[in-house]
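A quick write-up on the structure given underneath.
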Amino acid sequence: MHVSADSFAHRLLSWFDGHGRHDLPWQHPRTPYRVWLSEIMLQQTQVSTATPYFLRFIERFPTLPDLAAATTDHVMAHWAGLGYYARARNLHAAAKVCVAEHGGELPRDFDALHALPGIGRSTAGAILSQAWNDRLPILDGNVKRVLTRFHGIAGWPGLPAVEKQLWALAEQHLRDVPDGRLADYTQAQMDFGATLCTRAKPACVVCPLQDDCAARRDGLVAALPTSKPSKILPEREAVALWLENADGEILLQRRPETGIWASLWTLPQADTDSDMRDWFAREMKGTYDNAEELPVVVHTFSHYRLHLQPLRLRKVALRDAVRDNDDPVSGTGQALRWVARGDLATLGLPAPIRKLLSAVIPA
DNA sequence: AACTCGGGGGA
DNA sequence: TCCCCAGAGTT
């Protein structure tokens, strides 16, 4: 427990005093209705985009009862272009509930506020902390990014297990916030994430948290937060040949200078068994049909998943001995080279190939 | 736990 | 082009 002056919360507040945003439209005046409207508009929407909408909206619907009394078409017309239109419908419905059940005002109570359509845990916390200085945590994209980096939390933040952990950390830091500064702390977190601890190129060199940031310490700033797993990874298949000569040396082939595994040494590889067979007949002496099928190697790249079928053949020889060297070959093929087992470890083998050959690579 | 909503901006 | 953004509701 550190309620000391250099806690996470204290450093964030000090930074906010000097570098935070203090002139956003919904901060003057910072009424519950205006804070609510801003929080809804800013869901999945950047400040620069939402601001002109906020100004037009608040001019046309200055108070919560004004909004409640408006027609759906009128409300939607002022939202048009912002996207996520369920936000506007929920906003309008919530305003009517406030008039009907809460005296025309936004509920002061967390559970009542949370029960309104369009207001989840984070938005409820943001509204009450900013409007009333209540001690409540928020967990938006900014806070998720800051916490995953500061604490070195791996795993996509959308995963329930990761999100639960982040809520716990948000609550933990909240205890260090001085009374009366909860509104500023909420704003500080969002400003910090939006302007300093940004997704790309964060300003770590001027960061007040840099000395205790796990991502900074471990070189994981660019890797955190863990990005959302891509949906459908294309599946590709390929065949690789594990060929050995009479001396037990292994035949490697240099990859092209561009593309996957550029310029690395790998096993001779082809997209199909047919292509692999043609390559073998062209380059090698021996019988392809005797190849031993090894277990398929699965390797995932950023943009596709490769299923590699290794085939092993012993005591084969190159058809053209002249190509038995490590010089690039002009023309269609890539350089071929027999490599002694003891020398495998010194070459730049791709990880899955190294793993495949690990049985014959000296430790 | 996965899906949907959406226009805008940056890499 | 893809990913992400001051998320929440639905299935």
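Side-chain atoms are counted along with the backbone in the values below, which use heavy atoms only and exclude waters and symmetry mates. Predicted model, so just to flag it, every value in this text is computed and none were measured. Chain naming here is simple, since letters A, B, ... match the order of the sequence lines and numbering starts at 1 in each.
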What does A:Ser48 touch in the nucleic acid at a heavy-atom separation under 4.0 angstrom: a base, only the sugar-phosphate, or nothing?
-> nothing

With A:Asp66, which residues qualify under salt bridge (charged side-chain N to carboxylate O under 4.0 Å, His left out), at least two apart?
-> none

Nucleotide-level pairing of DNA chain B, given in dot-bracket where Watson-Crick and G-U pairs need both distances under 3.5 Å and | marks other strands | |||||.|||||

Residues within residues 85-101 of chain A bordering DNA chain C, heavy-atom distance below 4.0 Å = none

Residues touching DNA chain C, which here means a heavy atom under 4.0 Å, drawn from residues 151-164 of chain A = none

A:Trp242 six-ring face occupied by A:Arg312 cation (under 6.0 Å, within 45°) | yes

Could A:Arg56 and A:Tyr53 be counted as a cation-pi pair, given that NZ or CZ must be under 6.0 Å from the ring centre and within 45° of the axis?
-> yes

List the atom pairs, with distances to 0.1 Å, where a side-chain N or O of residues 121-128 of chain A and a protein N or O form a donor-acceptor pair under 3.5 Å, not counting sequence neighbours.
residue, atom, partner, partner atom, Å
A:Arg121, NH2, A:Glu171, OE2, 2.9
A:Ser122, OG, A:Leu139, N, 3.0
A:Thr123, OG1, A:Gln43, NE2, 3.1

Any ion pair linking A:Arg341 and A:Glu244 (charged N to carboxylate O, less than 4.0 Å)?
-> yes

Could you work out the separation of B:dA2 and C:dA6 based on their C1' atoms and round it to a whole Å?
-> 23 Å

Give the nucleotide from the list [options] with an atom nearest to the side chain of [X].
X: A:Asn142; options: C:dG7, B:dG8, C:dA6; result: C:dA6
X: A:Ser122; options: C:dA8, C:dC5, B:dG8; result: C:dA8
X: A:Gln187; options: C:dA8, C:dA6, C:dC4; result: C:dA6
X: A:Tyr84; options: B:dG6, C:dA8, C:dC3; result: B:dG6

For A:Arg217, the side-chain hydrogen bond (donor to acceptor under 3.5 Å, both in side chains) test, sequence neighbours excluded, returns none

